[in-house]
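These notes concern the structure reproduced below.
Here is how names work: the chains are called A, B, and so on, in the same order as the sequence lines, proteins then strands, and each is numbered from 1. Scope of the values below: all heavy atoms of this structure, side chains included, with no hydrogens, waters or symmetry mates. Treat the numbers as computed from the prediction; the structure is a model and nothing was measured.
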Number of protein chains: 10
Amino acid sequence: MLFMVEMTVNVPHDIDKETFDALKATEKARAETLQRAGKWRHLWRVAGRYANVSIFDVADAGELHDIMTSLPLYPFMDVRVTALCRHPSAIDAD
Amino acid sequence: MLFMVEMTVNVPHDIDKETFDALKATEKARAETLQRAGKWRHLWRVAGRYANVSIFDVADAGELHDIMTSLPLYPFMDVRVTALCRHPSAIDAD
Amino acid sequence: MLFMVEMTVNVPHDIDKETFDALKATEKARAETLQRAGKWRHLWRVAGRYANVSIFDVADAGELHDIMTSLPLYPFMDVRVTALCRHPSAIDAD
Amino acid sequence: MLFMVEMTVNVPHDIDKETFDALKATEKARAETLQRAGKWRHLWRVAGRYANVSIFDVADAGELHDIMTSLPLYPFMDVRVTALCRHPSAIDAD
Amino acid sequence: MLFMVEMTVNVPHDIDKETFDALKATEKARAETLQRAGKWRHLWRVAGRYANVSIFDVADAGELHDIMTSLPLYPFMDVRVTALCRHPSAIDAD
Amino acid sequence: MLFMVEMTVNVPHDIDKETFDALKATEKARAETLQRAGKWRHLWRVAGRYANVSIFDVADAGELHDIMTSLPLYPFMDVRVTALCRHPSAIDAD
Amino acid sequence: MLFMVEMTVNVPHDIDKETFDALKATEKARAETLQRAGKWRHLWRVAGRYANVSIFDVADAGELHDIMTSLPLYPFMDVRVTALCRHPSAIDAD
Amino acid sequence: MLFMVEMTVNVPHDIDKETFDALKATEKARAETLQRAGKWRHLWRVAGRYANVSIFDVADAGELHDIMTSLPLYPFMDVRVTALCRHPSAIDAD
Amino acid sequence: MLFMVEMTVNVPHDIDKETFDALKATEKARAETLQRAGKWRHLWRVAGRYANVSIFDVADAGELHDIMTSLPLYPFMDVRVTALCRHPSAIDAD
Amino acid sequence: MLFMVEMTVNVPHDIDKETFDALKATEKARAETLQRAGKWRHLWRVAGRYANVSIFDVADAGELHDIMTSLPLYPFMDVRVTALCRHPSAIDAD
């Protein structure tokens, strides 16, 4: 099942910079693993903002939730989830 | 350049049904043509709503505008445009 | 998969009353069929408003979309969809 | 009487992790007790967010308030309450 | 049980004036009956707007819904419902 | 003159608990005094939230402002004020 | 007592132009009368919008409501009312 | 003085197409005249929407208002006005 | 030129009380000076909130900006600016 | 390609003043460099607020993102991006 997830990262101004950079590095590794596994199908940067638009392909909403809460930056995110399905005018399934 | 476009279609309750069905048929044909041309890269239905999430791959914002205003259902749409770019953690360009 | 769907019905003030009453009767029959089929798991009225809170149990978002657009009152609805999953503190699955 | 309650938990980034984990454990125990007592009828996780959708079955709004303020995580919650009643098309009372 | 109900009346500009005036007269009679019955406990006009703030004292949310939908102007109203309960600092129950 | 005042109390998570409890006790005493003086006509708890709906009966907006800013919890409140007047369908003045 | 009232006029596109122009002329005369009577203390146009910011000086909210509903364009207005009082740093009362 | 004005044009679905096209042609001529006069300094299309972002250079807010209300499509516009001034980091005045 | 400025002051709960009181005293003196100079034409308290509605009469938006940023409490304010002009139905210029 | 970017700077009240002033000086230098390079085409102050309206002329959304995240004050900004294109009634390209 496909979900669009919009993530906005809010960085507290008084957070320890090294700790946060370490989280970002782990986040990047985790994002790449999930993309290679075919779970995180698309990942785009929103221009000018610390935010992304993502498409996930998961078994169900439970798997989506497990993936999202496993992300190192999840505690700093505002998240908007939209359930998607096949569009009758789409020529491809993805 | 990539843009996410979210379209919501508002159908006036007193519109002539046949006229609107004809517009929908033309819209579907136009959407398929634009997908085949590689301009309308992704098209998903938002579950439960007369709305879609789309990704366009165009030369610039001008081309996006020309495509959007050429859609037969454009006069009935609420449109939200988000400019996207490559995410540093994305393993693919699309 | 479970979805919460919140539906608000907007009745145009100049609609033909008999036509709308016929739609409502058909809607009621359809709602009862879907409940008996186990697809429309819960259906509550929002007190004081022409609106409901519903829980659907469907195979995926595509089935949810097909059900929603099959409702006779769908063209008059504002719809908000929320994907749900099992809560770790829930003692039952439903 | 039935109420839908939507709870969103906001975790301050500088809170002591052990203290918060202890609160979560107590919250889970309290939620299970209230479900077994038939007060907290349904409890679903909102996919991708630290939030839930719940249905409470209580004597009145006063009992709902007492339950909510007794939750260990209540001080960290944004809460939206919606009063529900029997829907004329519902085939079951719950 | 107590509910605050905020009602805003939207009058379509092309409605027949006589029909609407008749509805208003019936609404006034109905509001007075419900106040005398102790169901509609308080009724205040919002200064400068075609809107009111009301307090209802009803058995449950079902009775509130039946009252609201029985109002002649209900089809023209935006309605916001808030469930109330006894405040620990209140010196009276009403 | 009557005003509806909706107060929502936001408790900072890092505030000293004893200090805040002392403020709450003073607030309760002040609320009772104002109710006995006939200024704070109604005080209801919003079910499930640290918020209240209140009706004040004061000489003018200046007196309302003085009362509000004299409340010990005022610095922690979001406040919404609505000026009320007699409703033509109300059978009582209060 | 002073109130700020913000009025936005919405002109339905299918209204009869002559009827509306007559309403506007009556509105202008009424506004001038109320200003001369000292009730409508200030009246400013919001630049670029069919809207105004006004200050009313009235006995109470009831008088404000009577004035507002007596305006010929009132049925076409969105209205926002804010109760004002003397500011401790103001050097004049008006 | 500089103002940013954001205009969104809402076309009623039941308007006469020829009448509207005539308005659009007059609007275009008027926009070009105002640009040549140096009043309408910049005019950009918002990609994908019937909307523009404009910068006006006028004597004061009164002149801005006169210009806006002189536009043939003004009755169909939602308008947002923002007063601008010289930025301390700007290297040019325009 | 006239501007309406709405200022809401947000006091951080952990700010040093003496420091803030000193800022308030300076703010009051500055507000009185600007009123005497005819720049800050009107200053009203919003009843029940730490907010004001003000009318400024300045040469242009640049002067307004310089005044606003010179206020000692400016760093704690949410500010909304609205450009005003003469209303055709106003009998006075102020 | 042209983008309108609206930036609002939020200064935490407990930030070290000297550190922030140093960031502002670097920001100013960076803004001037980008303007001289023709990338930051216009930069206006929003009157009365710590905010600006800017027009960027960049190769694509990726370049815009790199520029924005290179700004020293970027971590303190709320950012709104709008993709622009040539307006058919514009007499100049800029």
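For the pair G/Lys28 (side chain) and I/Pro88 (backbone), a donor-acceptor distance under 3.5 Å is present. Judged purely by atom type and a 3.5 angstrom limit, I/Gln35 has no side-chain atom pairing as donor or acceptor with the backbone of G/Asp92.
Separation of atoms CD1 (I/Ile55) and CD1 (G/Ile55) is listed at 6.0 Å; rounding is to 0.5 Å. Atom-to-atom distance recorded for G/Asn52:CG and I/His87:NE2 is 4.5 Å, nearest 0.5 angstrom. Residue I/Lys24 holds its NZ atom at 9.5 Å from OG of G/Ser89, rounded to the nearest 0.5 Å. Remark: G/Arg86 CZ to I/Leu43 CG distance equals 9.5 Å, nearest 0.5 Å.
Considering every non-hydrogen atom in both I/Met4 and G/Met4, the closest pair reads SD-SD, 3.7 Å. Annotation for G/Ala47 and I/Cys85: closest pair CA-SG, 4.1 Å, computed over non-hydrogen atoms.
In this structure, chain I has a heavy atom under 4.5 Å from the side chain of G/Val53, while its backbone stays farther away. Contacts of I/Arg49 with chain G are absent, with no heavy-atom separation under 4.5 Å from either backbone or side chain. The parts of G/Arg36 that come within reach of chain I are both its backbone and its side chain, each placing non-hydrogen atoms under 4.5 angstrom from that chain.
For residues 69-83 of chain I, the interface with chain G (any heavy-atom pair closer than 4.5 Å) comprises I/Arg80, I/Thr82, I/Ala83, sorted by residue number.
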